[in-house]
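Only one structure is covered here, and it is reproduced in the block below.
In this chain, residues are counted from 1 in sequence order. No hydrogens, no waters, no symmetry mates; every other heavy atom, side chains included, goes into these values.
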Amino acid sequence: MKKRPAFIFAFLLLFLSSTLYAKEALISFNAGLQSAFIFYDSEEIKNYNKELNGSHFILGADAGINLNAFEELSFSIGSDFLCDLLKDGSDYSNHLLLDFPFGIKIYPAKNGFAFGISYVLGICYNFTFTEGNYIADQTSWGNGFKLLAEYNFAHSGKSKYLPSLGAYYKCMPRGNYNTDNIIAAYINFNF
């Protein structure tokens, strides 16, 4: 248990020191972690999730490539992966969401604050085990959109290595007239 405070201190030190030296290249890469609130439209998923009262967490990862064409404009393409895991004893309801956004970020001022909009192509895989019944299925591919706001510490020009903090809203139609609404927060590291 003594290693945990040291790990947290080292992570905070890396995060804070990297914000002092930020700069973006013409092409940059980012990868990070995210967590979210997911509002499912499917009655079947809602019912499975209501039956389970155990542990529930949502964790994800994302990665992307940015073309920083102008100081005020960046084009991006990437992937978002969210794991929605709900467990109650031996029963579980897990949902894996895989999305591919393509869009733009606009920096209205010379600092690192940006707004963005993306077209998103995505799919959701569902794995449910309740009352001895195992169900695995997937939705059809859906076309949606993503609105984001972020602060990119690397945008100011001092160093290319460093984080972006942000949040987004994603609307993802999943077929059968169902739409998932996702609100997420993330931290990305820039390379």
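- Ring-plane geometry between Phe115 and Phe113 is classed as perpendicular, the angle between the planes exceeding 60 degrees on a 0 to 90 degree scale with a lower cut at 30.
- The side-chain hydrogen bond (donor to acceptor under 3.5 Å, both in side chains) test with His95 is passed by exactly one of Asp180, Thr139, Asp84, Asn126: Asn126.
- No donor-acceptor pair under 3.5 Å is formed between the side chain of Asp88 and the backbone N or O of Leu52.
- Nearest heavy-atom pair, Val120 versus Phe145, reported as atom, atom and distance to 0.1 Å: CG2-C, 4.0 Å.
- Residues Lys46 and Tyr40 share a closest heavy-atom pair of CE-O, 2.8 Å.
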Should Arg174 and Asp99 be marked as a salt bridge (charged side-chain N to carboxylate O under 4.0 Å, His left out) after you check the CA-CA gap, both sets of side-chain angles, and the distance that decides it? CA-CA 11 Å; Arg174 300 287 186 191; Asp99 300 321; 3.5 Å; yes
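- You'll find the side chain of Leu82 stays beyond 4.5 Å of the side chain of Leu96, heavy atoms only.
- The side-chain heavy atoms of Lys146 and Ile117, taken from C-beta on, include no pair separated by under 4.5 Å.
- With hydrophobic clusters built from ILVMFWY side chains whose heavy atoms lie under 4.5 angstrom apart, Phe127 shares a cluster with Ile123.
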What do the steps show when you test Gln34 against Asp80 for side chain to side chain contact (heavy atoms under 4.5 Å, CB included), and what is the final call? CA-CA 9 Å; Gln34 57 183 312; Asp80 295 336; 3.9 Å; yes
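- A continuous path of ILVMFWY side-chain contacts below 4.5 Å connects Leu165 to Phe191, so both sit in one hydrophobic cluster.
- When atom types are taken as modelled, the side chain of Asn66 and the backbone of Phe29 share no donor-acceptor pair closer than 3.5 angstrom.
- Atom CZ of Phe70 sits in a sparse spot, with 12 or fewer heavy atoms from other residues, nucleotides or ligands closer than 6.0 Å.
- Leu121 and Leu148 fall into different hydrophobic clusters, where Ile, Leu, Val, Met, Phe, Trp and Tyr side chains are chained together by heavy-atom contacts under 4.5 Å.
- Tyr151 and Phe153 have perpendicular rings, their planes meeting at more than 60° on a 0 to 90° scale where under 30° would count as parallel.
- Taking CG of Leu33 as the reference point, atom CD1 of Ile187 lies at 8.0 Å (rounded to 0.5 Å).
- Between the CD atom in Glu71 and the CG atom in Leu73 there is a gap of 11.5 Å [rounded to 0.5 Å].
- The two residues Pro101 and Ser118 come nearest to each other via the heavy atoms CB-CB, 4.0 Å.
- Remark: Lys87 fails to qualify as a cation-pi partner of Tyr92 under the 6.0 Å distance and 45° angle criteria applied to the six-membered ring.
- Side-chain atoms of Ser74 and Asn68 include a donor-acceptor pair closer than 3.5 Å.
- When all heavy atoms of Ile182 and Ala36 are compared, the closest pair comes out as CG2-CB, 3.9 Å.
- Contact detail for Thr128 and Ser93: the closest heavy-atom pair is OG1-OG, 3.8 Å.
- Rounding to the nearest 0.5 angstrom, the gap separating the CG atom in Asp91 from the CG atom in Leu86 is 10.0 Å.
- Counting only N and O atoms by type, the side chains of Tyr168 and Glu150 include no donor and acceptor under 3.5 Å apart.
- Put simply, Leu26 and Ile104 are part of the same group of oily side chains (I, L, V, M, F, W, Y) that touch within less than 4.5 Å, one to the next.
- Using modelled atom types, one finds a donor on one side chain and an acceptor on the other under 3.5 Å when comparing Asn143 with Tyr119.
- With no hydrogens or angles considered, a side-chain donor-acceptor pair links Tyr169 and Asn181 at under 3.5 Å.
- To the nearest 0.5 Å, atom CG of residue Asp41 and atom CE of residue Met172 are 13.0 Å apart.
- Across every non-hydrogen atom of Ser76 and Lys105, the tightest pair is OG-CE, 4.4 Å.
- In summary, the side chains of Ser164 and Asn190 do present a donor paired with an acceptor at a separation below 3.5 Å, with no hydrogens or angles considered.
- A heavy-atom distance below 4.5 Å is not found between the side chains of Cys83 and Leu59.
- A donor-acceptor distance shorter than 3.5 angstrom exists from the side chain of Ser35 to the backbone of Ile58, with no hydrogens or angles considered.
- Considering CD of Glu44 and CG of Asn49, their distance stands at 10.5 Å, rounded to 0.5 Å.
- In the hydrophobic cluster analysis, where Ile, Leu, Val, Met, Phe, Trp and Tyr join through side-chain heavy atoms closer than 4.5 angstrom, Phe75 is grouped apart from Phe100.
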